[in-house]
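All values below come from the heavy atoms of this structure, side chains included, with hydrogens, waters and symmetry mates left out. Numbers here are sequence positions counted from 1.
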Amino acid sequence: MIRWLTNLYPPSHTHMHTDGAFKTVEHGFPHQPSALAFDPKLQLMAIGTKSGAIKVYGVPGVEFTGLHKDTTAVTQIHFLPGQGRLLSLLDDNTIHLWELVRDSGVCLQEVSSYTLPGRPGIESCSATRVTVLHLLRSCDLLCIGTEGGGVYFLELPLLSLKDGDTLLQDQVVQSLPDDYRCGKSLGPVESIQEHPQQPGKILIGYSRGLVILWAPTCLQATLLSLFLSVSVSHNDGGYCVWTVTSGNGCSAQPSTTIPYGPFPCKAINKILWRTTQTGSPVLLYSGGMPRASYGDRHCLTVQQDKTHVTLDFTSRVIDFFTVHNIEQEKEFDEASALVVLLEEELVVIDLQTPGWPTLPTPYLAPLHSSAITCSFHISSVPPKLWERLVNAGKAQQGHQQTHRTWPICGGKNLAPPSKQHELLLTGHEDGTVRFWDASGVALTPIYKLSTANVFHTDCDPCDDPPDPSDDPDMQQEEEWPPFRKVGCFDPYSDDPRLGIQKISLCKYSNKLVVAGTAGQVIVLGLNEERSDHSVEVSVVDLLQDREGFTWKGHDRLEPRLKPAPFPPGFQPQALVQCLPPASVTAVALHAEWNLISFGTSHGFGLFDYHKRNAVLARCTLHPNDSLAMEGPLSRVKSLKKSLRQSFRRIRKSRVSGKKRTITTPTSKANAALAEQEDVAPVQRRIEPRSADDSLSGVVRCLCFADTFLRDGTHHGPTLWAGTNSGSVYAYALEVPGVGSGRASERGGAGDGSACVEALLGKEIQLMHRAPVVSICVLDGRGKPLPDPYEASQDLAIAPDMTNAHSVLIASEEQLKVFSLPKVSAKTKFKLTAHEGCRVRKVAVVLFLSTAQEDYSEHTLVCLTNLGDLHLFNVPGLRPQVRYSCIRKEDISGIASCVFTKNGQGFYLISPSEYERFSLSAKVLTAPLCSVQLDRVLDASDGTTLQANGTHKNQMGQAEGMCTHTHTHTHTHTHTLSPCLLFRVFTLFSLRTS
């Protein structure tokens with residue numbers, strides 16, 4: 001454990017945080033999936049990605065992750081059923097064997113790899129490029145089909161080539177009748193399947209259309225075998241089913257069925273045939289759409305008797321499988337579920353319920369169904385709020401969703417139930433806010449809020465009268481193909497101005513504030529009933545009629561004036577429209593005072609949503625802030641203007657550098673002081689930022705606090721705002737019914753017509769004009785003030801109002817604590833001067849001790865532009881420790897990072913995945929699970945344990961990933977004596993604390 005770098009506390013209090021930023025689990029959908037596999041015995045699913053990652057999933061909470069040494073795309077994955085082993089084929093033509101092994105826990109570990117050698121005398125390696133892998137049911141032999149038409153056989157688990165059994169095209173052609181020889185080449189091997197009743201015989205399909213049955217024992221190819229039906233799909237969008245009569249011959253070639261003909265259709269990429277007890281089999285295939293009309297659709301068709309459904313997805317189909325009976329004694333397959341891996345999401349179809357509805361996914365939900373624009377975390381959610389959100393989410397599920405159990409149910413989740421509920425809120429480009437259950441390993445969707453119905457948009461369903469032809473049931477009867485929209489991935493936004501930029505939620509009052517790209521700020525309340533009402537609009541002009549400024553950006557969204565329907569859940573109560581309609585850069589909510597504050601690139605405002613009254617509008621623009629008038633969606637910005645501003649900065653820095661070289665008595669004294677300072681630790685020289693820089697008026701942070709601003713004896717509500725130019729504005733608020741010696745509740749009968757008033761109390765200008773990232777007011781004990789309602793309802797320790805307060809201001813360059821109310825500097829730490837980095841994210845985190853239950857400490861956590869986490873004690877600002885967390889090149893990951901109050905954090909590692917990490921030794925959310933395997937227990941090879949996660953540091957990626965030959969103390973499974981006892985053992989995953 002890392003100990004605190006202070007001697008103020010006894011050793012029992014030092015076990016507060018981990019030995020590093022421990023990355024615990026990855027939430028969301030794997031980025032760029034490329035392969036899919038399913039173990040029907042263990043009920044585990046594996047997904048491979050283009051970055052070389054393999055992720056194994058079971059019941060919610062069971063997850064294993066492995067990463068190949070090279071970031072090469074995984075093209076195929078195959079499980080060895082029941083053994084906890086899987087094979088992966090990479091795009092570089094290498095085959096890798098993975099195992100779930102025990103070594104201080106359980107991990108998915110690569111044990112060996114193999115590369116198919118080239119054929120003698122053939123210079124090109126394309127002949128041995130692997131096109132298909134097929135594992136025999138005995139799990140001792142792997143069949144490898146190649147582009148050259150050859151089939152090779154690998155012994156498992158040793159991955160050794162059986163030279164004598166290699167099947168080349170020449171051998172196949174020689175054993176065929178003359179009528180079935182299609183030229184000199186049969187083409188690449190497209191498919192390999194094992195005979196369902198005669199183990200060891202394999203069915204081989206070639207691209208030229210030939211299908212043969214090969215018996216390795218007799219080295220002879222036959223066309224088909226008895227009691228065998230084969231379904232074959234073609235590249236013309238058709239398929240045919242071969243029915244075999246007795247003997248070795250087959251019946252006459254059946255006619256090809258083209259479901260979506262007669263016009264040219266795209267190829268059917270994969271087809272599955274599943275038998276049922278009712279007699280009518282279920283036929284599933286992907287592709288086959290009419291090329292001209294629907295060639296751009298991503299579809300999968302499910303047919304049974306007269307029931308025909310074409311599942312229409314919004315992203316490409318990677319692969320699919322069915323969950324069905326695999327026992328030999330079972331006569332029918334009886335498929336229960338269809339699992340479809342798409343490029344952007346995972347869709348599961350219930351095949352046992354009439355109508356084939358979809359199953360809600362408990363994990364692997366597409367976080368990026370619309371692009372994520374912001375996030376917000378809430379810990380210790382009250383049970384009542386949680387229940388109301390869950391009920392609102394259930395009400396949103398339509399009739400096309402079923403509530404059957406999740407079909408991928410392998411393994412066992414051993415993690416104890418979470419003691420408290422956690423919420424992760426994500427804002428999206430389409431104007432939605434999604435609520436996720438972040439209490440455990442699986443990030444589960446709970447509820448979705450849409451703000452689009454507050455405004456008139458181009459694609460507004462409420463503006464048009466209902467059309468009877470829009471009924472999906474009528475469309476299925478009339479339309480051909482019978483499309484059904486499936487999945488929730490929708491990357492297209494009706495209007496980019498709807499994008500959510502900031503979120504704030506009060507978990508005690510159930511008040512939510514969301515702010516968007518076009519200056520809209522919406523206050524919402526939780527309602528369990530459906531409501532039809534209009535939303536009152538208040539306009540706040542942040543320019544205050546300042547002359548010389550003309551907004552050149554996008555227009556504001558047009559609010560809906562007529563009543564609109566709002567489903568159960570969060571419903572809008574007030575709409576504040578900022579003018580100019582620039583993107584909102586900061587929001588703050590104080591539900592106890594019924595106040596919200598919001599900031600843009602032009603200024604900030606204060607609004608009383610109880611009285612529907614705009615209290616304050618302050619413009620922060622500098623006279624040269626012309627760029628702030630163009631907006632993020634404006635096309636007015638020119639390359640010429642950008643270059644001109646860059647050259648001006650360079651010229652100013654050169655001029656200021658020349659001025660410093662003038663020899664004066666003052667400059668000589670400064671030079672002497674600089675020579676003396678060189679003896680001390682070296683600090684980088686920080687150049688002051690010019691006040692003429694563009695976007696200097698952007699409001700970066702807002703904060704409400706009940707503190708001392710006017711004098712040291714009377715405390716009251718205050719509002720703090722920090723800007724991009726290093727300015728801090730502190731306003732004293734007169735809130736009726738709130739203040740020293742008065743009640744802390746508003747909205748009562750005694751308020752009358754009194755309104756909130758704001759008076760500027762202090763204005764601070766940081767010397768180097770660095771942007772202000774965060775403002776936090778500390779009480780007399782040096783602890784941050786509690787959230788609204790926590791102190792008044794005895795939900796937290798009341799703040800110390802007897803001793804002097806202080807304010808912690810974090811800029812991009814330094815951290816500084818000022819005393820209140822005098823605003824005199826107490827202590828500071830120059831992060832940029834000492835470390836050469838800039839602050840990007842700041843949070844005050846509460847760390848709990850693992851040695852003593854009732855001890856905790858508040859720590860300031862800073863994320864820098866280099867991806868490092870710096871920890872400081874509060875309020876002394878003494879450096880505690882520094883951790884490497886995010887790659888410095890990952891700009892979007894650093895910008896998306898959000899901290900929790902208990903020492904954890906989330907950041908985007910891809911558009912669809914969050915990485916979760918923890919700085920706390922006591923609060924960890926990591927997989928703790930077990931899997932029962934039916935195979936001989938191998939001794940661990942002692943390789944370093946691979947952590948659960950794919951995005952590791954470069955040093956971490958190499959650990960435990962080296963290719964080596966796994967040593968076995970027995971021969972492979974299929975040659976073992978029948979009397980050998982197989983042990984069933986349980987593997988436990990690692991949980992570090």
Examine H602 together with F549 and report whether their ring centres are nearer than 6.0 Å.
no
I'd like to check W720 versus L709 (side-chain heavy atoms, cut-off strictly below 4.5 Å). Are they in contact?
yes
So I894 and Y907, side chain to side chain contact (heavy atoms under 4.5 Å, CB included) or not? Walk me through it.
CA-CA 7 Å; I894 296 174; Y907 68 92; over 6 Å; no
Ignoring hydrogens and angles, tell me if any N or O in the side chain of T451 forms a donor-acceptor pair with the backbone of T432 under 3.5 Å.
no
I need the S912 OG to I372 CD1 distance, nearest 0.5 Å.
8.5 Å
Within the side chain of T585, is there an N or O that forms a donor-acceptor pair under 3.5 Å with the backbone of G599?
yes
Between S892 and D890, do the side chains contain a donor N or O and an acceptor N or O under 3.5 Å apart?
yes
Could I get the full list of salt bridge (Lys or Arg N to Asp or Glu O under 4.0 Å) partners for K502, not counting sequence neighbours?
none
Strictly by modelled atom types, are E429 and T373 linked by a side-chain donor-acceptor pair under 3.5 Å?
no
Backbone N/O of Y789 and side chain of E592: donor-acceptor pair under 3.5 Å:
yes
Give, for atom CG of L557 and atom NE2 of H456, the distance between the pair rounded to the nearest 0.5 Å.
11.0 Å
Applying ring-ring contact (aromatic ring centres under 6.0 Å, His included), name anything that partners F607, two or more places apart in sequence or on another chain.
none
Checking R612 side chain against E536 main chain: does a donor-acceptor pair fall under 3.5 Å?
no
Specify the closest pair of heavy atoms between C837 and T832, including all atoms of both residues, with the distance to one decimal.
O-OG1, 2.8 Å
Output yes when a side-chain donor or acceptor of D608 lies under 3.5 Å from a complementary backbone atom of H610, and no otherwise.
yes
Parallel, tilted or perpendicular for Y729 and F604, by the 30°/60° rule?
tilted
Test side-chain hydrogen bond (donor to acceptor under 3.5 Å, both in side chains), reference R434, set S450, S375, S369, S370, output is S369
Is a side-chain N or O of Q520 found less than 3.5 angstrom from the main chain of A518, in a donor-acceptor match?
yes
How long is the gap from OH on Y492 to OG1 on T314, to the nearest 0.5 Å?
8.5 Å
For side chain to side chain contact (heavy atoms under 4.5 Å, CB included), just list the numbers for V773 and R700, CA-CA rounded to whole Å, side-chain angles, deciding distance to a tenth of an Å, and then say yes or no.
CA-CA 6 Å; V773 179; R700 295 287 295 270; 4.1 Å; yes
Would you please say whether a donor-acceptor pair under 3.5 Å links the side chains of Q814 and S811?
no
List for me each residue that meets salt bridge (Lys or Arg N to Asp or Glu O under 4.0 Å) alongside E422, sequence neighbours excluded, and say none if there are none.
R916
If you look only at pairs with a residue in residues 499-523, which of them pass as a ring pair (Phe, Tyr, Trp, His ring centres under 6.0 Å), with sequence neighbours excluded?
none
Mind checking what makes ring-ring contact (aromatic ring centres under 6.0 Å, His included) contact with Y447, not counting sequence neighbours?
F435
Set of ring-ring contact (aromatic ring centres under 6.0 Å, His included) partners for F899, sequence neighbours left out:
none
For residues 521-530, dump all side-chain donor-acceptor pairs below 3.5 Å to protein atoms at least two apart in sequence or in another chain.
unit_1: N527; atom_1: OD1; unit_2: E529; atom_2: N; d: 3.1
unit_1: N527; atom_1: ND2; unit_2: Q571; atom_2: OE1; d: 3.1
unit_1: E528; atom_1: OE2; unit_2: R388; atom_2: NE; d: 3.0

Distance in Å, L869 CG paired with C897 SG, rounded so as to fall on 0.5 Å steps
6.5 Å
Mind checking salt bridge (Lys or Arg N to Asp or Glu O under 4.0 Å) for D787 and listing every partner two or more places apart, or none if nothing turns up?
K901
Pairing donors with acceptors under 3.5 angstrom, does anything connect the side chains of T444 and W436?
no
Is a donor from one side chain sitting under 3.5 angstrom from an acceptor on the other, for D779 and H805?
no
Please confirm whether the backbone N or O of P572 pairs with a side-chain atom of H533, one donor and one acceptor, at under 3.5 Å?
yes
Can you sort out the partners of R840 under salt bridge (Lys or Arg N to Asp or Glu O under 4.0 Å), two or more places apart, ordered by chain and number?
E812
Residues two or more places apart in sequence or in another chain: which of them pass ring-ring contact (aromatic ring centres under 6.0 Å, His included) with H428?
none
With sequence neighbours excluded, what pairs up with D437 under the side chain to side chain donor-acceptor pair (under 3.5 Å) test?
S439
With no hydrogens and no angle check, is any side-chain donor or acceptor of S597 less than 3.5 Å from a backbone partner on G605?
yes
Please round to the nearest 0.5 Å and tell me the distance separating atom SG of C776 and atom CG of L860.
8.5 Å
Give, for atom CG of L795 and atom CD of E790, the distance between the pair rounded to the nearest 0.5 Å.
6.5 Å
Any ion pair linking E734 and R710 (charged N to carboxylate O, less than 4.0 Å)?
yes
On the 0 to 90° scale, with breaks at 30° and 60°, tag the W551-H554 ring pair as parallel, tilted or perpendicular.
perpendicular
Taking only residues two or more places apart in sequence or in another chain, which ones pass side chain to side chain contact (heavy atoms under 4.5 Å, CB included) with C374?
I500, I503
